[in-house]
Amino acid sequence: MKLDKIEKSILDAESHRHKNELAISTFLLSNGHALKCLIRAQQEKVWLDYQRAALTTERSRLENSNNRRDELSSKLELRKLELNVAREKLQQGVTALDNCMAELDRKREAQRAVALEILAQRSRICEDLEKIYPIEAIVGRTLAFSIRGIELPNTSYDGYDEELLGTALGYTAHLVYLLSFYLGVKLRYPVYPSGSHSYIEDPVSVFQGSRTFPLWPRGSVYYRFEYGVFLLNKSIEQLMNSQSLLVIDLRHTLPNLKCLLLSMESNG
């Protein structure tokens, strides 16, 4: 009995399933176009949602780009203002530089005029000094010169009057002292003119005792006298070097002085 009921239930279920399948098939056959439209609409909705999301993203990007553009535009305007200020300062600097260059040219021109005037004055002073202490060549003797008519030998002093020798060296020392003053040359070996008893100083001397050396032979230690004459010749060399003159022989005291005076006179 129970089996019959179960079998009947199964048959009823199969019958209902069959009817439902038939109804569904019939529905699908009669409404296939609508279903396709529904499926397409769902697909379109999904695509539209995707496009809306993409549009939202692009709008966000566009907004960020606009903000960045506005920020860069503000910075650009600020930079333009800074460049305009810098241009104005540059123009002011160029103008100031032009004024300074013009002023420098004027000062250089004035300096050249003063330098020429100094050369002329030095030339005149050297002419006057040569009149005070004339250095003349002794006729018939090579490189033999006298100062104020007193001969001053170049190397050996044997056989010469010691008083006249001291006097000639005193004249020479005074002339060197005056030339160093007017030429603006600070001598490494200062000269102290005192007539026939002039002397010269060696501030860096390694000699024992006094650092001053006599320019007169009588009554002096002879090697100190010779060293004093050597320092006097070195001072003449320093004066010549200050005027870009070459010293051929350091021992030629008066010839070197004569050369210096003639050079200074020609510069005027």
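Numbers for residues simply follow the sequence, beginning at 1.
Proximity of Pro190 to Ile200: side-chain heavy atoms (C-beta onward) are nowhere separated by under 4.5 Å. At a threshold of 4.5 Å between non-hydrogen side-chain atoms, the residues Lys89 and Val85 count as touching. A 4.5 Å side-chain heavy-atom check between Ser123 and Ser266 finds every atom pair outside the cut-off. Contact annotation: the side chain of Lys234 never approaches that of Arg188 to less than 4.5 Å [non-hydrogen atoms, C-beta and beyond]. The closest side-chain heavy-atom distance from Tyr171 to Leu254 is not below 4.5 Å.
Leu90 belongs to a hydrophobic cluster whose remaining members, ordered by chain and number, are Val94; membership requires side-chain heavy atoms of ILVMFWY residues under 4.5 Å apart, directly or through intermediates. Taking Ile, Leu, Val, Met, Phe, Trp and Tyr as members and joining any whose side-chain heavy atoms lie under 4.5 Å apart, directly or through other members, the hydrophobic cluster of Tyr199 also contains Tyr192, Trp216. Residue Ile248 shares its hydrophobic cluster (ILVMFWY side chains chained together at separations under 4.5 Å) with Leu246.
Partner of Ile135 under the side chain to side chain contact (heavy atoms under 4.5 Å, CB included) criterion, chosen from Leu262, Thr253, Leu257: Leu257. Under the side chain to side chain contact (heavy atoms under 4.5 Å, CB included) test applied with Leu179, the options Ile236, Leu261, Ile125, Val191 reduce to a single match, Leu261.
A salt bridge is defined here as a Lys NZ or Arg NE, NH1 or NH2 lying under 4.0 Å from an Asp or Glu carboxylate O, and Arg68 with Glu71 meets this definition. Electrostatic pairing of Glu130 and Lys258 counts as a salt bridge here, judged by a charged N lying under 4.0 Å from a carboxylate O. Salt bridge present: Arg141 and Glu151 bring a charged side-chain N and a carboxylate O closer than 4.0 Å. Here Glu127 does not pair with Arg124 in a salt bridge; the nearest charged N to carboxylate O distance is not below 4.0 Å.
Between the side chain of Asn154 and the backbone N or O of Leu143, at least one donor-acceptor pair lies under 3.5 Å.
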Between Tyr157 and Tyr160, does the ring-ring contact (aromatic ring centres under 6.0 Å, His included) criterion hold? Intermediate values first, please. CA-CA 6 Å; Tyr157 305 112; Tyr160 284 89; 7.3 Å; no
Does the pair Asn84 and Arg87 meet the rule for a side chain to side chain donor-acceptor pair (under 3.5 Å), with working shown? CA-CA 5 Å; Asn84 289 333; Arg87 285 194 186 97; 3.1 Å; yes
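Once rounded to the nearest 0.5 Å, the distance linking CZ of Arg61 with OG1 of Thr56 reads 12.0 Å.
Checked against the 6.0 Å centroid criterion, the rings of Phe230 and Phe213 do not qualify as a close aromatic pair.
Under 3.5 Å, the side chains of Gln121 and Glu117 contain a donor-acceptor pair of N or O atoms.
What you find for Pro217 and Leu165 is that their closest heavy atoms are CG-CD2, 3.9 Å.
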